[in-house]
Amino acid sequence: MIHSTAIVHGGAHLGTNVTVGPHAIIDGSAQIGDGCTVQAHAVIGKNVVIGKNNLIGHGAIIGADPQDVGFNPEISSLVRIGDGNTIREYCTIHRGSAEGSATIVADHCFLMAGAHLGHNVRLGNHVVIADNSLLGGYVSVDDGAFIGSGCGFHQYVRVGRLSICQPGGAFSKDVPPCTVGAELNGLAGVNLAGLRQAGLLADHRAEIEQAFSLLFCSGKNVTQALAAARERPWGSEAQAFFDFVAGAKNRGICDFIAMRKDASGWRSYGEDPAGL
């Protein structure tokens with residue numbers, strides 16, 4: 001099932017029922033698991049390990065060297081891709097920049113056309129990244145997150161579980177779990193639609209709204225809000241929200257757009273903080 005025009009290096013290992021399309025290139029010691037499809041003109045580098053039942057789209061490039069001016073090409077690093085992923089046409093995924101490190105895509109992710117994962121990016125399970133979104137080095141995206149088209153992420157940014165980022169957003173700060181990322185380092189509220197779709201019960205969704213309101217609408221700064229949160233018990237999802245915020249490093253977390261103030265001191269979107 002390898003097209004006559006494809007180039008497959010003798011050291012590469014292909015599992016059973018692997019399809020390789022016209023003019024695709026599979027280099028060096030690349031490993032491709034059972035049931036994968038590599039479409040026409042895709043390039044799989046020698047430092048790539050791919051699991052089972054993945055689709056690699058037309059013209060995708062997996063395992064190229066990182067775009068790091070200090071990178072030494074002699075470094076041994078990887079791209080690791082799990083099972084059941086769809087990586088559409090012209091996506092690019094670069095290998096890790098440090099010795100022994102890896103860029104990781106877990107299971108059942110969907111990368112739409114033109115998405116870019118820089119070196120050492122880590123995607124959890126069931127992550128969706130829409131067309132032409134760009135993730136810089138060491139960005140991490142947790143399970144079930146959805147990245148809208150044309151979003152950009154500075155290196156080391158974290159995107160929390162079950163969050164969604166609106167198309168065209170730009171982020172150099174962390175996007176907490178279960179929230180809606182928007183505009184420049186902003187949040188538009190809680191991702192209620194996504195939480196319902198993920199099966200979270202109404203009581204759990206309400207508690208996440210309470211956690212969001214405490215952090216962003218109580219008039220407390222982040223340190224004060226986290227201290228207040230420790231004074232009462234929370235369910236697992238809300239506690240994970242606060243743990244994520246507490247784990248933010250120097251970049252900090254995005255702020256609630258509805259609470260921003262313009263030069264006159266008025267909130268950008270009025271006094272009602274999105275119904276919370």
Asp107 side chain to Asn125 backbone, donor-acceptor under 3.5 Å: no

Cluster check Leu117, Val43: I/L/V/M/F/W/Y, side chain < 4.5 angstrom: no

side-chain contact (heavy atoms from CB on, under 4.5 Å) between Asn17 and Asp34, intermediate numbers included: CA-CA 6 Å; Asn17 298 319; Asp34 299 346; 5.9 Å; no

His119/Tyr138 aromatic ring centres below 6.0 Å: yes

Phe71 atom CZ, neighbour heavy-atom count above 12 within 6.0 Å: yes

Check: Thr179 and Phe256 side chains under 4.5 Å, non-hydrogen atoms: no

Side-chain heavy-atom pair His13, Ser29 within 4.5 angstrom cut-off: no

Test item: Phe212 and Leu187 side chains (from C-beta on) under 4.5 Å apart, heavy atoms: yes

Derivation and outcome, side-chain contact (heavy atoms from CB on, under 4.5 Å), residues Phe171 and Val159: CA-CA 10 Å; Phe171 303 93; Val159 180; over 6 Å; no

Atom CD of Gln197 with >12 non-hydrogen neighbours under 6.0 angstrom: no

hydrophobic_cluster_shared for Val18 and Ile56, side chain cutoff 4.5 Å: yes

Residue pair His94 / His116, side-chain heavy-atom distance below 4.5 Å: yes

Plane angle bin for His41 and His23 - parallel if under 30°, tilted between 30 and 60°, otherwise perpendicular: parallel

Flag for Ser76-Asn47: side-chain donor and acceptor within less than 3.5 Å: no

Residue of the set Val175, Val127, Val157, Val128 for which side-chain contact (heavy atoms from CB on, under 4.5 Å) holds with Val141: Val127

Donor-acceptor contact below 3.5 Å, side chain Asp255 vs main chain Arg260: no

Student check: side-chain heavy atoms of Ile2 and Ile26 closer than 4.5 Å: no

Neighbour count >12 (heavy atoms, 6.0 Å) for atom CZ, Arg122: no

Aromatic plane relationship, His126 with His108 - under 30° parallel, 30 to 60° tilted, over 60° perpendicular: parallel

Backbone of Pro73 reached by a side-chain donor or acceptor of Asp65 within 3.5 Å: no

Asn54 and Asn85: side chain donor to acceptor below 3.5 Å: yes

Axial cation check for Tyr156 ring with Arg251, 6.0 Å and 45° limits: no

pair Asn120-Ser97: side-chain heavy atoms closer than 4.5 Å: yes

side-chain hydrogen bond (donor to acceptor under 3.5 Å, both in side chains) between His58 and Gln39, intermediate numbers included: CA-CA 5 Å; His58 299 89; Gln39 293 183 328; 2.9 Å; yes

Side-chain donor/acceptor of Trp234 to backbone N/O of Glu207, under 3.5 Å: no

Charged N-O contact under 4.0 Å between Arg158 and Asp174: yes

Passing candidate, side-chain contact (heavy atoms from CB on, under 4.5 Å) with Ile93, options Val48, Leu123, Val121, Ile87: Ile87

side-chain contact (heavy atoms from CB on, under 4.5 Å) between Ile147 and Phe153, worked out: CA-CA 10 Å; Ile147 307 300; Phe153 294 84; 3.5 Å; yes

